[in-house]
Structure formats: C-alpha cells, structure tokens
Protein chains: 2
Amino acid sequence: MKRIADSTVRRLSAYLRFLEESARRGVTTISSDDLAKRGGTTSAQVRKDLSFFGSFGKRGLGYAVDELTASLRDILGLGRQWSVIIVGAGKIGTALAQYEGFKRRGFLVSAVYDRDPQKVGQTVSVTGGQLTVRDIAQIERDVPRDKPDIAVLTVPGEDAQGLVDRLVRAGVRAILNFAPVQLRVPNDVALRSVNMAMELEGLSFALSNRSGSGLTGDR
Amino acid sequence: MKRIADSTVRRLSAYLRFLEESARRGVTTISSDDLAKRGGTTSAQVRKDLSFFGSFGKRGLGYAVDELTASLRDILGLGRQWSVIIVGAGKIGTALAQYEGFKRRGFLVSAVYDRDPQKVGQTVSVTGGQLTVRDIAQIERDVPRDKPDIAVLTVPGEDAQGLVDRLVRAGVRAILNFAPVQLRVPNDVALRSVNMAMELEGLSFALSNRSGSGLTGDR
DNA sequence: GCTATCTTGTGAAACGATTCACAAGCAGCT
DNA sequence: AGCTGCTTGTGAATCGTTTCACAAGATAGC
C-alpha cells in the first residue's frame with residue numbers, strides 16, 4: 001500500500017467529525033463539495049483523499065453519511081478500544097485525563113503515572129472513574145503486563161526524551177507528546193507532538209509579519 | 001516578501017529552542033548540521049529556512065549561537081511582550097493559564113473568561129499571579145479597550161465558532177484554538193489549532209496500518 | 001601570502017501534494 | 001428506453017517544498 005500523507009490522515013479525521021455532526025442533524029447523503037466546504041478544502045481533495053482507500057460514493061448522488069462514517073472509522077482504526085496511559089500527573093496531564101473526547105472516541109485512560117512521591121498514591125479523576133497515580137518507576141513492570149497502546153507524555157521537557165526511551169523499550173508503539181522538545185523515536189513507533197510554545201510562536205510570527213496575507217491555513 | 005511556509009516557521013521555533021539550550025551548555029558556535037540533527041531535519045533544510053530571512057552564518061565556521069538566537073527571536077516576533085486572553089475557564093483553560101512556558105517566552109495572560117455564572121468572579125492562578133474570571137458577555141467591551149494580541153480558545157466545540165466570530169469582530173487578530181472543530185476566520189486573522197481528537201486518531205491510524213513504515217515524521 | 005579545510009548560501013533537480021478537467025456512472029423524468 | 005443533470009473517481013498538469021550539489025567565503029597552519 002502507498003504511504004499515506006499525514007495531511008491526508010488529518011483531513012480524514014475532519015471529515016469524520018463533520019459526518020457525525022451531519023448524522024445528528026439527520027442528513028443521510030453528502031457530496032464531496034459539502035465535506036470540502038466544512039473541512040476548509042476542495043472537493044477534489046476530498047475525493048482524492050478517499051480514493052486512496054477505495055470507492056465510497058455514488059456518482060451523481062454523493063456519499064451515504066452512515067456508510068462513509070463507518071468506512072472512515074474503519075480506516076482510522078476506531079473500530080476498537082485503545083488503552084492509553086498518561087505519563088506526568090501535572091496540571092496538563094490531569095486536565096487531559098478528564099477530557100471527555102477521550103472516552104467518546106474509544107480511547108480509555110487505563111493508568112496515570114508520576115515520579116513525584118507526593119503525587120503517587122493520590123487519586124485522579126478520569127473520564128467516568130477514578131485512578132490511583134502510579135510511580136513512574138513501575139513503567140518497566142506495568143507496560144509489558146498491561147500493554148497500553150498509546151502513551152500521552154505530559155512531563156517537563158528535560159525528562160521527556162529519557163521517558164520516551166524507557167516507554168519504547170518497554171513496548172509502547174505510539175506516543176502523544178506535550179513536552180516542548182523534539183523527540184527521537186525508532187521508526188516503528190508512531191509519534192505526534194503538541195507544542196504550545198511552537199504554536200504561540202507561529203502566531204507571534206504571523207502578527208509580526210502582517211504585511212503578507214498572514215497565515216490563515218489552519219494546517 | 002515571499003510567503004513563508006508554515007513548516008518553515010515551525011522549524012525556526014525548533015532551532016530557537018535548541019540554540020537556547022546550546023547557550024546554556026556554553027556552546028558559542030553551531031553548524032547547520034548540528035541544528036539539523038537536533039531538529040530532525042537536514043543541514044540543507046536549515047540553511048534554506050534561514051536564507052529566506054538573510055544570511056546569518058560564516059562560511060567555514062557556522063553560526064554564532066547568540067547572534068542567531070537574537071535573529072530568530074526577532075524573526076519570530078519575540079522581541080516584545082504579547083498579551084493573551086484565555087476564553088473558557090474549564091479544565092484545559094485553567095491548566096494552560098498556569099503554563100510556565102507562556103510567561104517565559106513573553107506571552108502574558110491578561111484575562112480569563114467563562115460564560116458560567118458559577119465561574120465568573122472566581123479567582124484563577126496564572127503564571128506569577130491571580131486573575132478574576134470575567135464574564136464572556138464582556139468580551140465586546142473589554143477587547144477594544146484592552147487590545148489583547150492573542151486569544152486562546154478552550155471552550156466546547158459547539159460554542160467555538162460563535163465565539164471566534166465575536167472575538168474577531170471585537171478586534172482579535174490571532175487565535176489559538178483547542179476546541180475540536182474546524183474554525184473559519186477572515187484571512188487577516190492568524191489561526192492555529194490544537195486538536196487532541198485528531199492527534200489520537202492519527203496515532204490510531206498509524207497503529208492500525210503498521211504494515212507500512214508507520215508515521216514517525218513528527219510533523 | 002599561499003594552501004588546505006571547512007561550512008555557508010543558493011540555483012537546479014527531484015519529489016510530493018494539490019488542483020484541474022473530464023469520462024464514467026447513477027437517478028429521475030418523459 | 002432514451003435524455004438530462006449531477007457527482008464521483010482519477011490521470012495529467014500544476015504548484016510548492018525538500019534535497020542535491022557546488023561555487024564562494026572564511027579560517028588556520030605553514
């Protein structure tokens with residue numbers, strides 16, 4: 001299979017969200033142009049994105065909302081539950097643990113870790129329950145046993161790379177990083193980073209260079 | 001001036017962070033290859049990125065860490081303070097308000113808003129101080145007066161577009177969006193979005209399509 | 001001052017993603 | 001059954017970004 005571009009995968013997510021919203025509004029059929037308008041792209045782009053995975057529409061009609069929703073969920077691997085651990089029980093980590101969107105989309109927070117003895121043993125709320133914060137030292141024991149699918153990393157930048165190395169060695173194959181550093185992982189490990197500092201600097205740059213049309217293309 | 005690609009701006013941020021780290025370690029000179037290794041790119045890319053803005057190095061030697069740092073800060077518009085308002089005092093909003101990186105890089109949280117009467121009037125901690133949560137209804141009055149540079153949006157998805165429209169009408173010209181929706185703004189407004197659901201789905205996709213080399217290119 | 005060595009800055013080439021444009025197919029109407 | 005109007009799926013063209021490759025400077029040693 002051909003390598004799928006990151007930008008394509010992002011758009012598929014956007015289409016899926018719009019489809020779910022359309023279904024709630026009772027829409028049963030949708031055209032590539034409708035999808036494009038909402039996703040901030042073009043109808044040709046929508047069709048090209050979908051064409052990598054097959055043929056889902058009816059010429060002259062468009063796409064059946066429920067069918068395309070199911071196909072996209074399948075393509076994105078959302079047909080199952082994913083187990084997520086949160087590493088770093090600071091402000092952001094605990095806020096994320098309670099994020100509704102996690103559970104709604106099949107991502108289940110199964111454990112929260114911190115290295116601070118003050119925090120270990122404390123209870124944190126996660127969507128639909130409570131968890132006891134575990135000691136990061138237990139990662140090497142827990143990960144091979146619990147086999148979490150995804151690790152969300154919310155630790156200070158200076159600790160991040162060391163923890164990634166440990167997580168990968170223990171068997172984690174997907175990481176969502178919130179630490180403001182550039183991480184290195186073997187290329188059989190999936191990595192996405194959310195870097196607040198970088199986003200703010202992007203805005204700062206845009207504001208400072210207003211002369212040009214300014215950055216509006218939101219990824 | 002030529003339009004600068006978003007990817008270029010992101011890399012400039014990464015270079016800046018590495019330069020600051022190098023300065024702390026006492027390094028005074030750095031080559032494009034050093035910068036590339038750490039930023040996960042190539043030396044040619046580094047030089048091309050910098051070449052859009054001028055010529056900062058010495059052939060045969062490399063770049064002076066302090067000079068390049070100053071130039072990058074200038075390019076990115078970090079030579080001044082930016083005033084930031086946070087709209088939405090929920091879990092994520094209040095966690096972000098306390099994010100150290102904000103202040104350290106010159107982004108000063110000047111106000112926090114919520115529409116919930118329960119929250120309005122309450123005190124929230126921001127980096128290095130306290131703020132009273134204001135009513136979102138006051139946006140139309142406050143923004144023209146306070147002229148915040150950047151609005152960080154941490155509200156439920158269904159409220160996001162409406163608030164963006166109000167913020168833009170009131171004069172905000174840069175928005176950092178955390179709501180999981182695709183926003184539309186006029187193209188003289190800078191917009192960046194951080195979408196957890198999208199990132200998680202990207203990881204889900206990568207895990208489900210392991211056969212290929214898997215996504216490792218971290219943006 | 002000359003030579004050897006190193007790294008920048010930059011056109012040109014290669015690559016990858018987006019847009020164009022149109023044939024193919026489907027539904028509805030007569 | 002044939003015609004009309006509409007929308008998909010996709011090769012080809014275009015556009016933008018990354019990589020290549022090398023001349024132009026700069027330093028250090030002799």
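Chain A is the first sequence line, chain B the second, and so forth, proteins listed ahead of strands; every chain is numbered from 1.
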Whole-Å gap separating [atom2] ([N]) and [atom1] ([X]):
X	N	atom1	atom2	result
Leu68(B)	dT8(C)	CG	P	11 Å
Leu35(B)	dT7(C)	CG	C1'	13 Å
Asp49(B)	dG16(D)	CG	P	17 Å
Arg3(B)	dG16(D)	CZ	P	10 Å
Leu50(A)	dT8(D)	CG	P	10 Å
Ile4(B)	dT17(D)	CD1	C1'	12 Å

Checklist outcome for this item: The correct set of residues in residues 12-32 of chain A placing a heavy atom under 4.0 Å from DNA chain D is Ser31(A), Ser32(A)

Excluding sequence neighbours, so at least two apart, what forms salt bridge (Lys or Arg N to Asp or Glu O under 4.0 Å) with [X]?
X	value
Asp34(B)	none
Arg115(A)	Asp159(A)
Lys147(B)	none
Glu21(B)	Arg25(B), Arg38(B)

So does [X] get a side-chain nitrogen or oxygen closer than 4.0 Å to the phosphate oxygens (OP1/OP2) of [N]?
X	N	result
Ser55(A)	dG9(D)	yes
Arg11(B)	dT18(D)	yes
Tyr63(A)	dC26(C)	no
Gln45(A)	dT19(C)	yes

Interface polar pairs with nucleotides 25-29 of chain D, N/O, under 3.5 angstrom:
unit_1: dG25(D); atom_1: N2; unit_2: Gly60(B); atom_2: N; d: 3.2
unit_1: dA26(D); atom_1: O4'; unit_2: Arg59(B); atom_2: O; d: 3.3

Checklist entry - So which pairs with a foot in residues 88-98 of chain B pass side chain to side chain donor-acceptor pair (under 3.5 Å), sequence neighbours left out? => result none

Checklist entry - What pairs of residues pass the side chain to side chain donor-acceptor pair (under 3.5 Å) test when at least one of them lies in residues 61-76 of chain B, not counting sequence neighbours? => result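 For residues 61-76 of chain B: none.
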
Tabulate atom names and distances for all N/O pairs under 3.5 angstrom spanning the protein and nucleotides 20-22 of chain C.
unit_1: dA21(C); atom_1: N6; unit_2: Arg47(A); atom_2: NH2; d: 3.4

Could you give the side-chain donor-acceptor pairs of residues 40-61 of chain A under 3.5 Å, partners two or more places apart or in another chain?
unit_1: Thr42(A); atom_1: OG1; unit_2: Gln45(A); atom_2: N; d: 3.2
unit_1: Ser43(A); atom_1: OG; unit_2: Arg47(A); atom_2: NH1; d: 3.4
unit_1: Gln45(A); atom_1: NE2; unit_2: Asp49(A); atom_2: OD1; d: 3.3
unit_1: Arg47(A); atom_1: NH1; unit_2: Ser32(A); atom_2: OG; d: 3.1
unit_1: Asp49(A); atom_1: OD1; unit_2: Arg11(A); atom_2: NH2; d: 3.0
unit_1: Asp49(A); atom_1: OD2; unit_2: Arg11(A); atom_2: NE; d: 2.7
unit_1: Asp49(A); atom_1: OD2; unit_2: Tyr15(A); atom_2: OH; d: 2.7
unit_1: Ser51(A); atom_1: OG; unit_2: Lys48(A); atom_2: O; d: 2.7

Item to check | Check: Asp149(A) side chain, Trp82(A) main-chain N or O, donor-acceptor pair, under 3.5 Å | outcome: no

Checklist entry - Taking only residues two or more places apart in sequence, or in another chain, which ones meet Thr154(A) in a side chain to side chain donor-acceptor pair (under 3.5 Å)? => result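 With neighbours one apart ignored, the set is empty.
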
Item to check | Touch class at under 4.0 angstrom, heavy-atom based, for Ser7(B) against every strand present | outcome: sugar-phosphate

Next on the checklist: Just to verify, what does Phe102(B) make a ring-ring contact (aromatic ring centres under 6.0 Å, His included) with, not counting sequence neighbours?
Outcome noted: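 Scan of Phe102(B) (ring-ring contact (aromatic ring centres under 6.0 Å, His included), adjacent residues dropped) gives Tyr99(B).
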
